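What follows is a short report on a single structure.
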Amino acid sequence: MKYKFYGTAAAEGLPGIFCECENCNRARKLGGRNIMTRSQSAIDGVLGIDFSADTYMHVLNYGFPASDISTYIITHNHADHFYPQDFLNHAKGYSYFGEKVIDIYVAKSGYDLADEVLKDKSYVHLHLVEPFKPFTTKEGYNITPLKANHKQDPVIYLIEKDGKCVLHSNDTGYYLEETWQYFEEHKPHIDFAEFDCTMGMQNADNTQHPNHMNFPTVQNVRSRLESIGCIDENSICVINHFTHNTGMVYEDFKKLGDENGFLTSYDGFEVEF
Ligand SMILES: [Zn+2]
Ligand SMILES: [Zn+2]
Ligand SMILES: [Zn+2]
């Protein structure tokens with residue numbers, strides 16, 4: 001399996017779209033991996049995870065394979081994860097690549113938004129996602145949505161194919177007990193996990209940070225997954241989804257990750273396992 005990150009920042013981007021704070025100016029000055037756009041990933045170049053307002057930038061800068069992907073799983077309807085307006089560019093006259101239909105899997109609030117924006121568009125099939133109700137995509141990925149600890153009606157995803165298992169877990173704070181119960185009952189062996197590390201070292205005393213995780217919460221989540229048996233020494237763990245508010249840029253997150261056994265995401269980062 002190949003997992004590629006295209007956008008690794010939180011809602012405002014890093015640097016923030018309008019922001020002149022010290023951290024954003026440092027990111028601008030350093031450039032390279034310190035410049036992070038809004039959330040998007042892909043698996044094996046065929047399964048899209050989230051469709052943010054920065055999708056077009058990902059096509060231009062990192063070769064996001066928009067014309068190869070015909071299934072998207074969406075985590076929630078915040079615009080840094082789901083911007084359905086850009087699917088209108090799939091219509092005849094805006095793009096020419098046959099009669100391909102795009103499947104979009106999304107929970108209720110995102111479903112309603114997409115239904116309004118893409119009403120009667122035959123090139124899009126919307127599928128309603130509900131936590132703990134698994135489904136299989138046309139590419140053969142078995143997907144289990146789990147309930148996230150975040151605003152709206154968000155989910156995190158377990159994605160399984162060919163004996164490999166991915167945990168995609170942002171946006172979320174410390175996992176909800178219903179989600180822990182799922183892990184305890186099913187004990188999936190996770191080969192690759194990415195964790196919401198939005199808050200960096202902010203509120204470091206809180207290891208069950210709600211809404212978004214800080215790094216101590218990520219460590220706590222990894223430990224609990226280890227103690228259940230879902231994660232072991234062969235599992236690849238990555239921190240992702242960074243905000244400018246932490247006073248940290250990629251270089252700082254990378255140091256934190258390296259010291260504690262995590263890889264650190266950046267736009268264009270690919271992992272094969
Ligand atoms: Zn987000
Ligand atoms: Zn800023
Ligand atoms: Zn969000």
Side-chain angles (χ1 to χ4, degrees), residues 5-31 33-42 48-55 57-58 64 72-84 86 104-114 129 131 145-157 167-176 179 193-202 209-215 217-218 221 238-253 264-267 269:
F5 293 88
Y6 291 90
T8 54
E12 64 285 338
L14 210 175
I17 180 167
F18 298 111
C19 192
E20 290 291 338
C21 80
E22 199 183 318
N23 202 42
C24 286
N25 286 334
R26 187 155 74 102
R28 283 187 187 95
K29 204 168 157 195
L30 288 167
R33 293 178 184 178
N34 298 286
I35 304 295
M36 294 169 162
T37 63
R38 276 76 62 85
S39 281
Q40 190 156 46
S41 302
I49 306 174
D50 283 340
F51 190 83
S52 74
D54 285 340
T55 299
M57 185 185 276
H58 300 157
F64 179 73
Y72 287 89
I73 56 174
I74 306 297
T75 55
H76 62 305
N77 82 347
H78 286 156
D80 60 318
H81 296 263
F82 192 40
Y83 183 70
D86 261 346
I104 302 173
Y105 291 86
V106 59
K108 183 77 170 84
S109 63
Y111 185 100
D112 290 345
L113 174 71
V129 164
L146 308 174
K147 214 180 229 184
N149 177 358
H150 193 65
K151 292 176 188 126
Q152 303 288 347
D153 48 1
V155 291
I156 58 177
Y157 286 110
L167 170 63
H168 177 90
S169 82
N170 64 265
D171 291 357
T172 184
Y174 185 73
Y175 299 169
L176 300 173
T179 292
E194 69 87 57
F195 296 104
D196 180 320
C197 191
T198 308
M199 310 306 291
M201 289 306 289
Q202 288 189 306
H209 200 282
N211 197 40
H212 283 293
M213 292 196 261
N214 56 12
F215 187 67
T217 302
V218 172
V221 164
V238 186
I239 49 173
N240 183 38
H241 195 274
F242 306 114
T243 173
H244 70 141
N245 288 314
T246 57
M248 297 166 74
V249 294
Y250 169 77
E251 295 182 352
D252 308 310
F253 282 107
T264 302
S265 69
Y266 56 88
D267 291 13
F269 179 41

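Not measured: the values here are computed from a predicted model. Order of listing sets the numbers, starting from 1, for every ligand and every atom in it.
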Problem - the Zn ion (ligand 1): angle it makes with OD2 (Asp80) and NE2 (His241), nearest 10 degrees - result: 100°
Problem - Angular separation of SG (Cys19) and ND1 (His244) seen from the Zn ion (ligand 2), to 10° - result: 110°
Exercise for the section: Among the N/O/S atoms of His78, select the one at the shortest distance from the Zn ion (ligand 3) and name it. Expected result: ND1
Completion exercise
Here the vertex angle at the Zn ion (ligand 1) for OD1 of Asp171 and NE2 of His81, given to 10°, is 70°
Handout entry: Three-point angle His76:NE2, the Zn ion (ligand 3), His150:NE2, rounded to the nearest 10°
Key = 100°
Problem - Any donor-acceptor N or O pair under 3.5 Å, side chains Asn214, Thr217 - result: yes
Exercise for the section: Please work out whether the ring planes of Phe269 and Phe5 are parallel, tilted or perpendicular, with thresholds of 30° and 60°. Expected result: parallel
Problem - Test item: side-chain donor near acceptor, Asp196 and Thr198, under 3.5 Å - result: yes
Practice task
Please work out which of the three classes, parallel, tilted or perpendicular, describes the rings of His58 and Phe64, given edges at 30° and 60°.
Solution key: perpendicular
Practice task
Look at His212 and state whether any of its N, O or S atoms is less than 2.8 Å from the Zn ion (ligand 1).
Solution key: no
Handout entry: Between Asp171 and His150: side-chain donor-acceptor atoms closer than 3.5 Å
Key = yes
